[in-house]
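First up is the structure itself, then whatever we jot down about it.
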Amino acid sequence: MALAFDAPHRIVPLHEAQLDRRPDVQAKLGGTPGYLTDRVATGQLRGLVLGSPWPHARILRIDTRVARAMPGVHAVVTHADIPSQAYYGLRKVDRPVLCDDKVRYVGDAVAAVAAIDLETARAALRAIVVDYAPLPVVDDPDAALAHDLPEACHVHPQGNLLHQATYRRGDMQAARARAVHVVEHVYTTPRQLHAYLETEGGVAEPDGRGGLRLFFGGHNPARECRVVADMLGLAPTQVQATGSPVGGSYGGKDELTIQPIAALLAWKAQRPVRLHLTRPQSVDFGVKRHPMRIRMRTGCDAQGRLCFHQVDILADTGAYATHGPEVLDAALEHAPGPYRYDAVDLRARLAYTNNGVAGAFRGFGAVQVQYALEQQIAQLAALVGLDEAELRARNLAEPTAPGPLGQAVVPFDGAQRALDVARQHPLWLGPHRWRSEAGRYLHGVGLALVHRSDGFGKGGPGDSRMVLALAADGQIELRCGFTELGQNLAGSMRNVCARHLGCAEEDVRAVLGDTACTPDSGPVAASRATTLAWRAVVRARKPWFHAMTAAAARLLRCPPQALHPGRGGMFRDGQCVLSYAELAAGTGDARPCIAIELPAEDPAGNAPDTHFVFGACAALAQVRVDCWSGAVGVERMVMCAALGPVVSVQGLLGQMEGGAVMGMGLCTQESLECIGGHYTARNLDAYFIPTFADAPQMEVLAIENLPAGDPIGPRGAGEISVNVAVPAVANALAQALQRPVTRLPVFPADVIAMLERDNAI
């Protein structure tokens with residue numbers, strides 16, 4: 001592979017004036033109108049779920065006789081009504097569609113009803129009698145893994161250790177002996193709520209041919225088909241799922257939640273069933289970000305060269321696995337960051353508890369350890385007496401070095417470029433700490449650098465399929481099973497096609513997330529959708545040109561080499577001689593159609609818990625701390641994203657700015673406490689997230705360089721802004737307060753306590 005790591009930075013400043021303000025009318029859902037949870041039609045039944053009031057209990061009896069006999073009730077289902085596979089899951093199949101022998105968290109689904117209206121459905125739920133025998137509540141992951149834990153405290157029969165992972169490299173004893181400066185802390189990160197605008201919801205309806213149609217917000221409609229088909233004992237082809245567009249997810253709708261329950265109700269009633277959770281139900285039932293406790297010990301020599309890095313991670317996955325093992329693997333893999341050490345010793349454990357369910361969340365396990373690591377780096381720089389950027393630069397792994405766990409990775413110099421751009425920014429060249437308004441406000445500037453994996457490890461669903469086709473109306477369609485979650489995927493796909501196929505964006509239509517007309521592209525997750533669309537179109541370019549020119553040549557009776565695709569149609573000698581609509585009409589059922597098979601993102605044969613592709617980003621954050629009230633505000637954020645070519649300005653700007661605000665919330669205000677298995681907030685009147693009023697002044701610098709011969713193209717932008725914003729804001733707070741920030745979020749009371757401890761107020 002020819003590599004070029006010394007070319008000047010290609011920096012594109014992104015700003016609002018570059019956005020395309022045209023309405024997005026060039027995406028379709030296989031002819032399915034309407035948004036999913038708003039898919040209201042006459043004849044639909046209303047579904048409701050009966051959740052457990054207990055965080056941990058045996059189910060002694062479920063009596064549904066009264067509910068089943070009520071007028072207007074068309075279906076009442078329990079575990080006993082499931083005809084085939086009653087459990088589902090990803091790496092571990094452990095989650096019941098409806099609970100049978102016990103419940104494991106508040107809200108765990110026990111029964112469900114479908115009735116003519118919500119009032120009748122609520123009455124039916126109240127008529128269901130469930131007798132419980134409460135069990136001890138396991139609400140602390142450390143206690144959950146105690147060796148002498150009684151069997152009654154086992155969340156699952158095999159015990160409470162869901163997953164563990166380790167990685168060791170180098171001579172730790174010798175590396176520790178060389179270290180002159182050592183920083184050690186225990187870092188704590190909170191449970192975070194996705195807080196998407198659209199809660200979980202959708203419609204399941206019989207198709208009249210012995211199958212079902214599903215209309216739910218999710219990441220992978222093909223997986224919904226498989227789970228529901230397995231549950232009902234149907235062939236996967238008997239279930240059709242449409243999963244786009246979705247009113248927000250951030251990972252929270254990646255795994256199935258209510259889809260199997262709604263499908264079971266529709267199957268039982270043989271009527272369409274609409275099931276849509278309220279916000280409190282969503283808080284109980286949905287997944288959250290994994291809370292973690294991270295013990296980190298890092299040492300360097302007198303010149304700031306990193307010698308060793310030791311990390312011990314304990315994460316709380318709650319009642320069921322969902323994405324928990326993959327989240328823990330990502331945390332372990334990202335714990336070393338983009339740096340090199342003489343020796344590393346990493347350990348991670350994941351515990352079952354009765355604290356709800358934790359799962360996929362934007363940043364996916366990496367953000368927690370990146371916050372801790374960047375705190376360590378900043379503190380080591382202070383001990384050595386080096387500028388933080390210089391200490392980072394001295395310790396960056398080479399672009400051609402193996403990955404953080406020793407795996408083969410695609411060579412990439414993004415971390416070097418991102419750091420170089422950030423350290424030359426005026427915000428970093430100015431003061432890093434100052435006071436204002438007679439000392440009332442403390443200001444701090446923090447720097448963070450992260451790399452972030454793209455796609456899934458070898459053990460994940462890394463392969464993907466798409467179709468490039470000329471539709472009957474002359475539109476060029478890129479058909480894929482990905483769903484639109486608000487990330488401007490449709491716009492990105494049009495841009496990719498226009499860039500590589502010679503057509504205009506107006507000639508392209510994205511066809512998304514409908515198993516009736518799109519192939520299984522895998523989940524739209526792990527920051528993979530845009531980069532896979534890019535690679536798919538690049539792979540299809542030559543056969544597409546051949547198919548289009550051959551078809552046009554037959555109609556025009558001319559040599560195919562005289563033609564080429566252009567804006568609006570086929571061109572010859574600089575003139576459009578055949579529109580795409582005319583080409584489609586003239587070719588009929590023989591219209592050009594290219595099936596694209598993409599292998600897994602990791603062709604190197606790495607271990608299942610490692611990744612092959614990484615992007616990078618550096619960020620600067622400026623914060624203001626009110627010494628009177630303890631209030632924290634983020635005033636400014638600069639993100640230097642080394643992710644390759646910009647596919648969509650609107651998509652990249654939205655991902656970077658939106659993710660930064662989400663990361664800011666994790667640092668300064670978001671924490672969903674769970675006490676005795678009960679969440680302390682069940683609505684947004686008690687769980688606060690940042691608003692537009694809280695958003696800082698933002699600057700996004702896109703660094704487009706890729707090494708010559710790079711096989712990947714653009715890196716994903718869906719998560720990396722969260723990953724970098726959290727440590728940047730935390731480092732800025734540490735700079736302002738002149739103290740390590742070891743617990744997130746930093747509430748005003750925490751600030752006041754720190755200042756009082758230091759006699760700073």
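For this chain, numbers begin at 1 and follow the sequence in order. Keep in mind the model is a prediction, meaning the values are calculated, not measured.
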Between Ser721 and Gly659, what is the shortest heavy-atom contact and its length? OG-CA, 3.2 Å
Any non-hydrogen side-chain atom of Val634 less than 4.5 Å from a side-chain atom of Val661? no
Residues Asp345, Val311; criterion side chain to side chain contact (heavy atoms under 4.5 Å, CB included); working and verdict: CA-CA 6 Å; Asp345 184 354; Val311 182; over 6 Å; no
State whether Glu719 and Arg528 are salt-bridged, where the test is any N-O pair (Lys NZ or Arg NE/NH1/NH2 against Asp/Glu carboxylate O) under 4.0 Å. no
Looking at Asn606 and Ala408, would you say the former's side chain and the latter's main chain have a donor-acceptor pair under 3.5 Å? yes
Carefully, step by step, assess Ile377 and Tyr339 under the rule side chain to side chain contact (heavy atoms under 4.5 Å, CB included). CA-CA 10 Å; Ile377 295 294; Tyr339 308 112; 4.0 Å; yes
Would you say the side-chain atoms of Arg479 pair up with the backbone N or O of Pro519, donor to acceptor, closer than 3.5 Å? no
Any donor-acceptor pair under 3.5 Å linking the side-chain atoms of Gln375 with those of Asn731? yes
Side-chain heavy-atom pair Leu501, Val508 within 4.5 angstrom cut-off: no
Check: Ala490 main-chain N/O paired with Glu484 side-chain donor or acceptor under 3.5 Å: yes
Residue pair Thr483 / Gly218: nearest heavy atoms and the distance that separates them: OG1-O, 2.8 Å
Classify the side-chain pair Gln655/Arg362 by whether it contains a donor and acceptor separated by less than 3.5 Å. yes
Are any non-hydrogen side-chain atoms of Pro523 and Asp254 less than 4.5 angstrom apart? yes
Give me the ring orientation class for Tyr187 and Tyr371: parallel if the planes are under 30° apart, tilted from 30 to 60°, perpendicular past 60°. perpendicular
Regarding His290 and Gln368, do their side chains bring together a donor and an acceptor under 3.5 Å, going by distance alone? no
Given side chains that start at C-beta, do those of Met493 and Leu512 come closer than 4.5 Å, heavy atoms only? yes
Below 4.0 angstrom, N of the basic side chain to O of the carboxylate: do Glu597 and Arg539 qualify? no
Identify the heavy atoms of Pro696 and Met637 that sit nearest to each other, and give their distance. CG-CB, 4.2 Å
Taking the ring centre of each residue, are Phe545 and His564 less than 6.0 Å apart? no
Pair Glu390 + Arg423, salt bridge at N-O below 4.0 Å: yes
Distance col, row Glu506:CD vs Gln475:CD, nearest 0.5 angstrom, shows 9.5 Å
What distance separates His425 NE2 from Leu447 CG, expressed to the nearest 0.5 Å? 12.0 Å
State whether a side-chain donor-acceptor pair under 3.5 Å links His500 with Arg541. no
Heavy atoms of Val496 and Ala533 approach each other most closely as CG1-O, 3.8 Å
Any side-chain heavy-atom pair from Val384 and Gln303 closer than 4.5 angstrom? no
Do Gln376 and His309 have a side chain donor and acceptor closer than 3.5 Å? no
Please check this pair: side chain of His194 against backbone of Lys253, looking for a donor-acceptor N/O pair closer than 3.5 Å. no
The test is side chain to side chain contact (heavy atoms under 4.5 Å, CB included); show your working for Phe456 and Glu326 and say whether it passes. CA-CA 9 Å; Phe456 301 103; Glu326 295 88 351; over 6 Å; no
Tyr341 versus Thr298, closest heavy-atom pair with distance: CE2-CG2, 4.3 Å
Which is it for Gln622 and Arg636 under the side-chain hydrogen bond (donor to acceptor under 3.5 Å, both in side chains) test, yes or no, and what are the steps along the way? CA-CA 5 Å; Gln622 177 182 316; Arg636 190 175 177 189; 4.7 Å; no
Run the numbers on Glu374 and Arg392 for salt bridge (charged side-chain N to carboxylate O under 4.0 Å, His left out), then give the verdict. CA-CA 10 Å; Glu374 291 299 290; Arg392 288 178 171 87; 2.8 Å; yes
Any side-chain to backbone donor/acceptor pair from Ser521 onto Arg465? Under 3.5 Å, distance only. yes
Candidate pair Val367 and Arg289, rule side chain to side chain contact (heavy atoms under 4.5 Å, CB included), full reasoning: CA-CA 10 Å; Val367 64; Arg289 189 184 297 282; 3.2 Å; yes
Could you state the interatomic distance from CZ (Arg567) to CD (Glu505), rounded to the nearest 0.5 Å? 8.5 Å
Are the side chains of His611 and Asp454 in contact, using a 4.5 Å heavy-atom criterion? no
Strictly distance-based, threshold 3.5 Å: is any side-chain N or O of His219 a donor or acceptor partner for the main-chain N or O of Val524? yes
Working to the nearest 0.5 Å, report the span between CZ of Phe361 and OG of Ser249. 9.5 Å
Is a salt bridge present between Asp710 and Arg715, judged by a nitrogen-to-oxygen distance below 4.0 Å? yes
Report yes if the side chains of Phe482 and Leu532 come closer than 4.5 Å at any heavy-atom pair, otherwise no. yes
Check whether Thr531 reaches the backbone of Gly716 with its side chain - one donor and one acceptor, N or O, closer than 3.5 Å. no
Answer yes or no: is there a donor N or O on one side and an acceptor on the other, between the side chain of Gln370 and the main chain of His451, under 3.5 Å? yes
Between Phe412 and Pro707, what is the shortest heavy-atom contact and its length? CD1-CD, 4.0 Å
Check whether any side-chain N or O of Gln407 sits under 3.5 Å from a backbone N or O of Leu405 as a donor-acceptor pair, and report yes or no. yes
To the nearest 0.5 Å, atom CG of Asn705 lies from atom CD1 of Ile11 at 8.0 Å
Is the backbone N or O of Leu306 less than 3.5 Å from a side-chain atom of Asn395, with the two atoms forming a donor-acceptor pair by type? yes
May I ask you to test the Pro599-Asp463 pair for a side-chain heavy-atom distance under 4.5 Å? no
Nearest-0.5 Å distance that lies between atom CG in Leu701 and atom CZ in Arg417: 14.5 Å
